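Step one of this worksheet: look at the structure below.
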Amino acid sequence: MSEKIQSLRGMPDILPLDAPVWQYLERTAAAVLSSYGYAYLGTPLLESTALFTRSIGAATDIIEKEMYTFADRNNESVSLRPEGTASVVRAMLQHGLLQTPGQKVWYQGPMFRYEKPQRGRSRQFHQIGAEVFGLAGPDIDAELLAMSARLWEVLGISGNLRLEINSLGSATERQRYRQHLHDWLALHKAELDDDSLRRLETNPMRILDSKNPDMQALIGAAPKLFDHLGDTSREHFDQLMAILDCMNISWQHNHRLVRGLDYYTHTVFEWVTDDLGAQGTVCAGGRYDGLVELHGGAAIPGIGFAMGQERLVALLQQLPQDFARQPDVYLIIADQSLQQQAIVLAEQLRDQLPELRLLTNMGGGSMRAQFKRADRSKAQIALVLGADEWATDQITVKWLRNQQDQVAVSLQELGKWLQQNLNS
RNA sequence: GUGGGCGUAGCUCAGUGGUAGAGCACCGCGUUGUGGCCGCGGCGGUCGUGGGUUCAAUCCCCAUCGUCCACCCCA
């Protein structure tokens, strides 16, 4: 026996039992996104390392220590994508898709960050994201949020989520505030914990995010970003709030919401839940008005979000709903000499009824064994094909989930019969 | 990267310093072509891995790997 190879740490399989929830989430999201006019955009999992270092921010943990970076065979530094936005911007620019304003795209797939796994966090994880380019106003911010709110509604998890919003202002406003905050915090160095002291120089705004209870008083007293915004930024924010109110989307202004990635400007938001432990952010995003320019394009504004599929799946799994689709029919072969005929019959039924979920017994077995499998398959009915049936051009139909009597149906009529009697 | 909990059959877990069990699952049987309930039987574990202590370790010690939770970070 050779040694068993296991999956890499933090790189889980999606097992058949969980697959139905995943597929439900993905097709529901795809439907909602497309109903707002978003087109799918697929980008590679592997990109030039520079793409990410340039856009995400050199001081972030993602760049500093979480990227899967290595030299490919051509000795070029490549990285597995830690997030989706950078690739989308790259692709849009590369293919000249930003000429017309209002481009809407979405993506889905695995992302990679070398982190220590815990609840709601793994090294390979999946995101569904949406991005819009060329629209600077709060109207699209509002629509994007409405779209996410609608998705929660459709999925049945809106009761678990709340929306937190903030504005980071323009790049210069943000820069100015950052300096101001740094100076203020520096006066209170004695009250900062170790993590905050470290962040003071690298990313002081993240101190506002601290979970340390001892820090909360200080954070509450710190100067607020919102008070340092210019009129234009405030107006953008106010208008967005007004539209959200019109749509009855409730929100909270979280002054401490700063987001981790460097490219955000103006509107930032998070959908958070209390039902998933420490990793409560299920969907997050914001505006990134300078990012396209940063990648060599024109000064085209953008906004987008990404949702964590593992976290959404975890919420969906708390619902009483069963997402699995059970088979309709299990075909039992009472006489192994009829194996060929049974398989042909199954194919004929699939021709007639493309929607039919039909399992044909494989691998032989006694009637008892086959009925056991039929029962376990959760099929509605069992079909029995044996010598008696074959001799009379009939098939035996037995209901497995109710007490209806077993009946014989002619093989010619079987397709029609199933169509009329299943359909539940 | 830091801290803590846990690693015994496919799953959920008992257990003892003298090399192991239960429930569920799986397979078969309870007569000839009928599942779900019940009964009987069976398959299945180098007790995560490597060292050490000991006459002897699954149980004690160390290391390592994995896993879970939290910090950090973030979706």
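By convention in this document, chain letters (A, B, ...) are assigned in the order of the sequence lines, proteins followed by strands, and residues within each chain are numbered from 1. Since this is a predicted model, take the numbers as computed values, not measurements.
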[X] has an atom [atom1]; how far is it from atom [atom2] of [N], in whole Å?
{"X": "A:Ile332", "N": "B:G35", "atom1": "CD1", "atom2": "P", "result": "10 Å"}
{"X": "A:Asp335", "N": "B:U34", "atom1": "CG", "atom2": "P", "result": "13 Å"}
{"X": "A:Ile5", "N": "B:U49", "atom1": "CD1", "atom2": "P", "result": "18 Å"}
{"X": "A:Asp388", "N": "B:U34", "atom1": "CG", "atom2": "C1'", "result": "13 Å"}
{"X": "A:Tyr330", "N": "B:G36", "atom1": "OH", "atom2": "P", "result": "14 Å"}
{"X": "A:Leu400", "N": "B:G35", "atom1": "CG", "atom2": "P", "result": "11 Å"}
{"X": "A:Leu17", "N": "B:U12", "atom1": "CG", "atom2": "P", "result": "13 Å"}
{"X": "A:Gln403", "N": "B:G36", "atom1": "CD", "atom2": "C1'", "result": "10 Å"}

Exercise. Could you tell me whether A:Gln340 atom CD has more than 12 heavy atoms of other residues or ligands within 6.0 Å of it?
Key: no
Exercise. Answer yes or no: are there more than 12 heavy-atom neighbours, outside A:Glu153 itself, under 6.0 Å from its atom CD?
Key: no
Taking the [atom1] atom in each of [N] and [M], what is the distance between them to the nearest angstrom?
{"N": "B:G28", "M": "B:G33", "atom1": "P", "value": "15 Å"}
{"N": "B:C6", "M": "B:C60", "atom1": "P", "value": "11 Å"}
{"N": "B:G7", "M": "B:U12", "atom1": "P", "value": "12 Å"}
{"N": "B:G23", "M": "B:G44", "atom1": "C1'", "value": "15 Å"}
{"N": "B:G1", "M": "B:C73", "atom1": "C1'", "value": "11 Å"}
{"N": "B:G36", "M": "B:G50", "atom1": "P", "value": "43 Å"}
{"N": "B:G10", "M": "B:G45", "atom1": "C1'", "value": "12 Å"}
{"N": "B:A14", "M": "B:G48", "atom1": "P", "value": "14 Å"}

Taking [X] first and then [Y], would you say they form a salt bridge - that is, a charged N and a carboxylate O separated by under 4.0 Å?
{"X": "A:Lys378", "Y": "A:Asp328", "answer": "no"}
{"X": "A:Glu83", "Y": "A:Arg113", "answer": "no"}
{"X": "A:Lys416", "Y": "A:Glu413", "answer": "yes"}
{"X": "A:Asp209", "Y": "A:Arg206", "answer": "yes"}
{"X": "A:Asp195", "Y": "A:Arg198", "answer": "yes"}
{"X": "A:Arg350", "Y": "A:Glu347", "answer": "yes"}

Quiz item: Excluding sequence neighbours, so at least two apart, what forms side-chain hydrogen bond (donor to acceptor under 3.5 Å, both in side chains) with A:Gln317?
Solution: A:Asp18
Practice problem: Between protein and nucleotides 26-32 of chain B, map the contacts as a letter string: B base, S sugar-phosphate only, - none, heavy atoms under 4.0 Å, written 5' to 3'. | Solution: SSSBB--
Exercise. Would you give a per-nucleotide map of nucleotides 66-75 of chain B, 5' to 3', where B means the base has a protein non-hydrogen atom under 4.0 Å away, S means only the sugar-phosphate does, and - means neither?
Key: -B-SBBBBBB
Exercise. Can you sort out the partners of A:Lys65 under salt bridge (Lys or Arg N to Asp or Glu O under 4.0 Å), two or more places apart, ordered by chain and number?
Key: A:Asp61
Self-check item: Polar side-chain contact A:Gln370-B:U34 base: donor and acceptor under 3.5 Å
Solution: no
Quiz item: What about A:Asp375, does its side chain sit under 3.5 Å from the base of B:G35 through a donor-acceptor pair?
Solution: yes
Exercise. May I ask you to check whether A:His188 and A:Trp184 place their ring centres under 6.0 Å from each other?
Key: yes
Practice problem: Under 3.5 Å for both distances, Watson-Crick or G-U wobble, that's the pair rule; now give the dot-bracket for RNA chain B, with | marking pairs to another strand and [ ] for crossing ones. | Solution: (((((((..((((.......)))).(((((.......))))).....(((((.......))))))))))))....
Practice problem: Look at all strands and tell whether A:Gln336 reaches a base, only sugar-phosphate, or nothing, counting heavy atoms closer than 4.0 Å. | Solution: nothing
Quiz item: According to the interplanar angle, ranging from 0 to 90°, do the rings of A:His228 and A:His180 count as parallel (below 30°), tilted (30 to 60°) or perpendicular (above 60°)?
Solution: tilted
Self-check item: ring-ring contact (aromatic ring centres under 6.0 Å, His included): pairs with one or both residues in residues 311-339 of chain A, sequence neighbours excluded
Solution: A:Tyr24-A:Phe323
